[in-house]
Amino acid sequence: MDTSCDPRQTAIAVLIENSRTRRPLDAVIEQFSSLMDTLSRRDRSLANALIYGTLRWQNYLDWLIQPFSDRDITTLKPDIIYIMRMAMFQVVFMDRIPVSAAVNTAVDAAKRQSHKGTAGFVNAVLRKATEQYNTVALPDQEKKPELYLSISASMPITLVRKWISRFGFDKTDLLCRTINEIPPITIRTNTLKINREELIYNFSNDVEHIAPTSFSSVGISFTRPAKAIHETDSFKSGFFQVQDEAAQLVTEILSPQPGERILDACAGLGGKTGHTAQLMQNRGTVIAADTDAAKLERLAQEMDRLGITIVKTCNIDLLKALPADFQGELFDRVLVDAPCSGLGVLRKNPDSKWKLTKKDMARLAIRQQKMLLSAANLVKPSGLLLYAVCSCEVRENEDVVEWFLDQRRDFRVKNHFPTLDAALKNKSVSDRGFFRTYPDNLDMDGFFAVLFENFS
Ligand SMILES: C[S@@+](CC[C@H](N)C(=O)[O-])C[C@H]1O[C@@H](n2cnc3c(N)ncnc32)[C@H](O)[C@@H]1O
């Protein structure tokens with residue numbers, strides 16, 4: 001598809017590719033980064049708004065389109081259904097876009113993707129749907145509360161069902177609606193180079209709604225940056241990393257100390273690695289490990305940008321025999337920021353809710369248990385092990401913890417959070433010492449973390 005310099009065509013191309021792959025949305029957008037970079041700032045933000053909005057509101061959009069189609073629209077080819085959803089999203093949610101522009105772009109895209117007949121079908125359905133969608137009633141909230149929320153808040157019904165039985169209708173309603181809001185951008189000040197006040201001052205003319213985060217002492221949030229943040233001087237100078245407040249709090253709970261030997265066992269691109277080294281004042285050793293060698297290469301460049309010198313990368317698979325240098329000295333603290341469903345970060349990755357299957361959840365939970373067990377072997381006597389996931393699902397939280405405690409009787413939960421603000425502790429730490437955040441009550445990502453102590 002020729003998408004050159006057209007934000008709508010670019011958005012459609014991303015949505016179509018996203019529907020074909022199980023990779024997360026941010027990876028798909030990165031695949032299209034050279035195309036995105038050809039767009040003006042305004043067009044790039046339009047393309048992003050279309051991609052994220054269409055994926056956030058997918059169920060609701062389908063509900064509005066379906067009455068005007070004689071075919072079950074979910075059986076259409078993914079490229080056609082995404083073309084239609086995106087047109088509908090523009091009409092329902094973006095008042096600056098004329099209906100004719102939204103429909104014409106969709107029909108043109110359908111012509112390019114498919115044959116003439118399909119474009120005719122898209123044209124006929126969208127013309128009626130965009131004119132009459134206001135007449136489509138939502139499911140009855142009293143009689144069918146699960147279906148009502150699944151449509152009105154655009155969530156898979158299986159998730160809504162699970163959350164209503166766990167939290168009740170009102171919290172589920174609020175949670176779903178918060179998840180559909182566009183989150184602010186949150187960054188973490190690199191205190192090795194600058195303090196938070198100075199960094200806020202650096203940004204203040206180029207962003208909107210800038211404020212220090214409520215609970216992390218080094219976080220800053222803002223909206224609508226004047227340019228892509230990786231193009232700012234502050235970014236190039238290594239003054240911050242982009243990181244949600246909840247993720248910042250996880251490293252604060254680990255509380256790494258200067259001079260220690262720390263393992264970040266699932267380091268990824270190094271969000272928590274950078275924070276760990278920062279809290280250690282760049283003194284001691286951090287081993288940043290991951291199965292993905294390409295991520296570790298980027299992590300090493302990221303540490304250079306931040307001026308961090310104590311991080312060594314190591315390409316390992318926690319589920320296999322570890323290399324010889326892991327057999328020697330054990331670690332003071334080990335962080336397992338395990339791969340998970342990502343259901344706590346749906347504000348940023350709305351596609352995950354549509355991609356995740358029951359089988360995935362079961363597979364992930366087993367992997368999390370095994371990774372935690374393997375990491376426990378690397379913790380010194382009296383050392384600490386932190387398990388974290390960006391998901392608040394019991395299957396990936398309590399169930400993993402209970403299983404682990406049963407396997408390793410020499411570990412116990414350390415229910416002690418000296419680094420956390422008292423008000424936050426009240427809202428986020430359970431009696432058993434489980435830390436959990438939700439977007440609806442704290443305006444941050446959903447995260448779960450437990451600190452274990454090796455008392456052997
Ligand atoms: C949630 S992400 C980590 C995010 C990172 N800690 C951060 O703060 O930016 C989980 C990471 O675990 C890695 N991973 C998956 N399976 C692994 C395994 N068996 N051993 C080590 N790392 C693994 C993935 O490549 C991924 O980068």
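Counting starts at 1 for both ligands and their atoms, following the listed order.
- Where the criterion is an N or O separation shorter than 3.5 Å, residue side chain and backbone included, Gly271 meets it with respect to ligand 1.
- Close approach of ligand 1 to Leu318 (heavy-atom distance below 4.0 Å) involves ligand atoms 18 (C), 19 (N), 20 (N), 21 (C).
- Below 4.0 Å from some heavy atom of Asp337 lie the following atoms of ligand 1, by number and element: 1 (C), 2 (S), 3 (C), 4 (C), 5 (C), 6 (N), 7 (C), 8 (O), 10 (C).
- By the criterion of a heavy-atom distance under 4.0 Å, the backbone of Ala267, and not its side chain, is placed next to ligand 1.
- For the pairing with Trp57, the ring-ring contact (aromatic ring centres under 6.0 Å, His included) check across Phe89, Phe93, Tyr52 returns one residue only, Phe93.
- Distances between N or O atoms of Asp290 and those of ligand 1 include at least one value under 3.5 Å.
- With Asn315, Thr291, Val336 as candidates, the residue nearest to atom 14 (N) of ligand 1 on a non-hydrogen basis is Thr291.
- The pair Glu393-Lys162 counts as a salt bridge, with a side-chain nitrogen and a carboxylate oxygen less than 4.0 angstrom apart.
- Geometrically, ligand 1 and Gln243 share no nitrogen or oxygen pair separated by less than 3.5 Å.
- Below 4.0 Å from some heavy atom of Ile316 lie the following atoms of ligand 1, by number and element: 20 (N), 21 (C).
- Protein heavy atom closest to atom 8 (O) of ligand 1, with residue, atom name and distance, is Lys272 NZ, 3.0 Å.
- Proximity to Pro339 (heavy-atom distance under 4.0 Å) selects the following atoms of ligand 1: 10 (C), 12 (O), 15 (C), 16 (N).
- Judged by the 6.0 Å and 45° rule, Arg436 forms no cation-pi pair with Phe434.
- Side-chain N or O atoms of Ser150 include one that pairs as donor or acceptor with a backbone N or O of Met155 at under 3.5 Å.
- Contact atoms of ligand 1 toward Lys295: 24 (C), 25 (O), 26 (C), 27 (O) (distance under 4.0 Å to a heavy atom of the residue).
- Side chain of Asp332 to backbone of Glu260: no donor-acceptor contact under 3.5 angstrom is found.
- A cation-pi contact, defined as under 6.0 Å to the ring centre and within 45° of the axis, links Lys171 to Tyr438.
- Residues Phe404 and Tyr387 keep their aromatic ring centres 6.0 Å or farther apart.
- The shortest separation from a heavy atom of Arg367 to ligand 1 is under 4.0 Å, placing the residue in contact.
- Checked against the 6.0 Å centroid criterion, the rings of Phe455 and Phe411 do not qualify as a close aromatic pair.
- A donor-acceptor contact shorter than 3.5 Å links the side chain of Ser341 to the backbone of Leu343.
- Counting the atoms of ligand 1 from 1 in the order shown, those under 4.0 Å from a heavy atom of Gly268 are 27 (O).
- Near Ala265, meaning under 4.0 Å from any of its heavy atoms, are these atoms of ligand 1: 21 (C), 22 (N).
- Geometrically, ligand 1 and Asp292 share no nitrogen or oxygen pair separated by less than 3.5 Å.
- A distance of 6.0 Å or more separates the ring centres of Phe235 and Phe203.
- Only one option out of Asp337, Leu442, Val389, Asn397 pairs with Phe447 in a side-chain contact (heavy atoms from CB on, under 4.5 Å); it is Asp337.
- Regarding atom 19 (N) of ligand 1, its nearest protein heavy-atom neighbour is Asp317 OD1, 2.7 Å.
- Residue-level proximity to ligand 1 for Leu335 is absent, since no heavy atom of it falls below 4.0 angstrom.
- Considering backbone and side-chain N/O atoms, Cys266 comes within less than 3.5 Å of an N/O atom of ligand 1.
- Heavy-atom proximity to Ala338, at under 4.0 Å, picks out these atoms of ligand 1: 1 (C).
- At least one side-chain heavy atom of Phe169 sits under 4.5 Å from a side-chain heavy atom of Tyr148.
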